[in-house]
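Every chain is numbered from 1, with letters handed out A, B, ... down the list of sequences. All heavy atoms count here, side chains included; hydrogens, waters and symmetry mates do not.
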Amino acid sequence: MNKDFLKSEFDAAVSAAAAEFGWELPDALEITFGVPKSEDLGDYSCNIAMVLAKQLKTNPRKAAEAIVTKLSGKAEFIDRLEVAGPGFINIFLKDAWWQSTIREAIENGAEFGKSPSKNPKKIQIEFVSANPVGPLNVVSARAAALGDSMANLLRAVGNEVEREYYVNDAGNQVITFAQSVASRYMTLIGRDYPFPENGYLGDYIEEVAQHIYDEHGDEFAALADDDGVFTRFRDASLGIMIESQQRTLHDYGVDFEVWFSDRAIREKGALDEVMVLLDGSNKAFEAEGAKWFRATDFGDNRDRVLIKNDGEATYLLGDLAYHRDKYQRGFDTLIDILGPDHQGQVQGLLGGIEAMGFDPNKMKMIISGHVRLLREGNALAMSKRAGDFISMDELLEDVGKDAARYFFLLRSASSHLDFDMDLAKKETPENPVYYVQYAHARVRSIFKKAEEKGVDYDSDLCAADLSLLGQDEARIAKRLCRFEEMIERSAERLEPHNICYYLMDLASEFHSYYNKTKVLTEDPPLTSARLALSEAVRQVIANGLALIGVSPPDAM
RNA sequence: GCGCCUGUAGCUCAGUAGGAUAGAGCAACGGACUUCUAAUCCGUAGGUCGUGCGUUCGAGUCGCACCAGGCGCGCCA
């Protein structure tokens, strides 16, 4: 049960009061409802009287009283209203409100909590997009958890969402990577090939080389002599790396709809097109043998090079071409999740987007904070170049997918994050993942027990007489009522961490209830009612966990 | 120096676009397993919301200035 019914009731009441007292209402009047801290203050509260009082220069309590008289006795779910404090209208709802929510959760199952699209948008969310020259690291793991959950949230509120991974398969680091692999490969077939300067270290390079050897034997023996052969070798190396990244992400529960190749749009001439566009509108200039973008005209603190004096494109130019392509694909909203080391490029990119004639407001850039891995209380040193880092695979191996995803979402995206690997691994009460999952398993366990013992209850849980439930149960059910609005808010603000906190609160209430109250009783109607509530709780936990990609266990 | 992020309980962090008495987990202390799973529960304790001004009926939340920490500021990607 969402709170739309409140909105329409209040809209009507405020208009009616305005008509009677001659208030001049502002054009865009949004009536919002909050949840009071104390349940003595009602199920919802509305501060509209105080908002109006400011503009109309009237007494807020009087305005509140006036609105209340227009509401009384009209709305079907409203039990009573109180004007309190400086002018809040506190709303107490009838039991039918939370009772119908229990039935809704059971009936709608996995759909419960999703809302029909009021204004559906076509949204693209791009994340991870790590260079295909090495295994994914923990920063990617965080981005993957964030992006995937955001996509789930945006879908849950009715949008059309596409997840995209930008494969940076052009440029120098790809050559260096292929050369690094080549050097190891040649060793395997007993030949020499120089290891490149600043080449990539790390065992995975040898694994890629071995993989190629297993598949192609010494087919690439002529590598050093023939460019065409090297190109095929490079593509094979890239292919193996990308596949390995896809596998890692898949194991993590993240599957992208689109893997977008940088090289593909470059080959279509997209870079030239951007240059023509910027040149033609005088937003680029030539200096010191290079081509520059007038980024300072668009809020950046310095101009940026687009084409280096050796004729090569910079990363920025490639990124502009890519984003131009995104805009041309016709999305209403574009979301980028960037790692903390990319914050310096945001202004240049947004400026370039504007310079190319696109609306930068369609773009939402989310910069995720740093991740620090802690083991035994100490931060682990991470050096990529030396091949000395914890990969995403190792992290998943160590703590598991569920704990990893949950921990990454426990903080808001922009915050720095300390990932305590010892805690994530623990199967103890300190670990919040298990706490929530356990609540789910507990409900399953109750039903299993009911079957085993042949407990008598109505298998049609929606037919249960929910008026048999008491205060504690009502409190839990009321939290279920807030599930949908929690999702809406989280989706709107792109803050999946809310889900974790909601689930912990719900699990906590249920654990508490479980310890205090026997669900399975000698009284079949009562048992049915309590089972209905339990099942509704289980469904909501399962749905919440699904949004963040964590599994709901049947037993633990 | 400029820009971005962060500053809330001993620790790690929430805080629903300005609302009513600032919350949770962990850690600490004291209790609860003959029970539908103790991976749980109940209770106790813990605060100058970094500092100072300001905006107003009302500020952890908004503005300004400081302080502290992190990151970024390349013809690298």
Looking at the side chain of A:K308, which of B:C71, B:C41, B:A77 is the nearest nucleotide? B:A77

Cation over ring, A:R442 on A:F510, under 6.0 Å and within 45°? no

For A:E522, check side chain to side chain contact (heavy atoms under 4.5 Å, CB included) against everything at least two apart and list the hits. none

Going 5' to 3' through nucleotides 32-38 of chain B and flagging B where a protein heavy-atom sits under 4.0 Å of the base, S where only the sugar-phosphate is that close, and - otherwise, we get ---SBBS

Integer-rounded Å distance: B:A77 C1' and A:N137 CG: 14 Å

Look at atom NZ of A:K308 and say whether more than 12 heavy atoms of other residues, nucleotides or ligands are closer to it than 6.0 Å. yes

Give me the stems containing RNA chain B, sorted by first residue, counting only three or more consecutive Watson-Crick or G-U pairs with both distances under 3.5 Å; say none if there aren't any. B:1-7 with B:67-73, B:10-13 with B:23-26, B:28-32 with B:40-44, B:50-54 with B:62-66

Please measure how far the C1' atom in B:G43 lies from the corresponding atom in B:G3, and state the result in whole Å. 50 Å

In terms of side-chain heavy atoms, does A:Y166 have a donor or acceptor partner in A:D262 at a distance below 3.5 Å? yes

Write down the protein N/O and nucleotide N/O pairs, taken from nucleotides 10-15 of chain B, whose separation is under 3.5 Å; answer none if there are no such pairs.
unit_1, atom_1, unit_2, atom_2, d
B:U12, O2', A:R411, NH2, 2.5
B:C13, O5', A:R411, NE, 3.2
B:C13, O2', A:R411, NH1, 3.1
B:C13, O2', A:Y501, OH, 2.6
B:A14, OP1, A:S412, N, 3.0
B:A14, OP1, A:S412, OG, 3.0
B:A14, OP1, A:S415, OG, 3.3
B:G15, OP1, A:H497, NE2, 3.1

Might you list the N or O atoms of the protein lying below 3.5 Å from N or O atoms in nucleotides 57-61 of chain B, with each pair's distance?
unit_1, atom_1, unit_2, atom_2, d
B:G58, O6, A:K54, NZ, 3.3

Do A:R482's NZ or CZ and the ring of A:Y44 fall within the cation-pi criteria of under 6.0 Å and 45°? yes

Name the orientation class of the two ring planes belonging to A:F447 and A:Y457 (parallel below 30°, tilted from 30 to 60°, perpendicular beyond 60°). perpendicular

Consider only side-chain N and O atoms of A:D336 and A:H323, and report whether a donor and an acceptor are under 3.5 Å apart. yes

Syn or anti conformation of B:C33, syn meaning chi within 90° of 0: syn

Residues which pass salt bridge (charged side-chain N to carboxylate O under 4.0 Å, His left out) with A:E267, listed by chain and number, not counting sequence neighbours: none

Assess whether one donor atom and one acceptor atom, taken from the side chain of A:Q347 and the base of B:G3, lie less than 3.5 Å apart. no

Spell out, as yes or no, whether a donor-acceptor pair under 3.5 Å connects the side chain of A:R405 to the backbone of A:I548. yes

Answer yes or no: side-chain N or O of A:D40 and base N or O of B:A20 forming a donor-acceptor pair under 3.5 Å. no

Check whether A:R142 reaches the backbone of A:F407 with its side chain - one donor and one acceptor, N or O, closer than 3.5 Å. no

Pick the C1' atom in B:A14 and in B:U61, then give their distance to the nearest Å. 13 Å

Decide whether A:R304 and A:Y315 meet the rule of one side-chain donor and one side-chain acceptor closer than 3.5 Å. no

Within a 6.0 Å radius of atom NZ on A:K425, are there more than 12 heavy atoms belonging to other residues, nucleotides or ligands? yes

Quiz question: going by heavy-atom distance under 3.5 Å, is there a donor-acceptor pair between the base of B:G3 and the side chain of A:N301? no

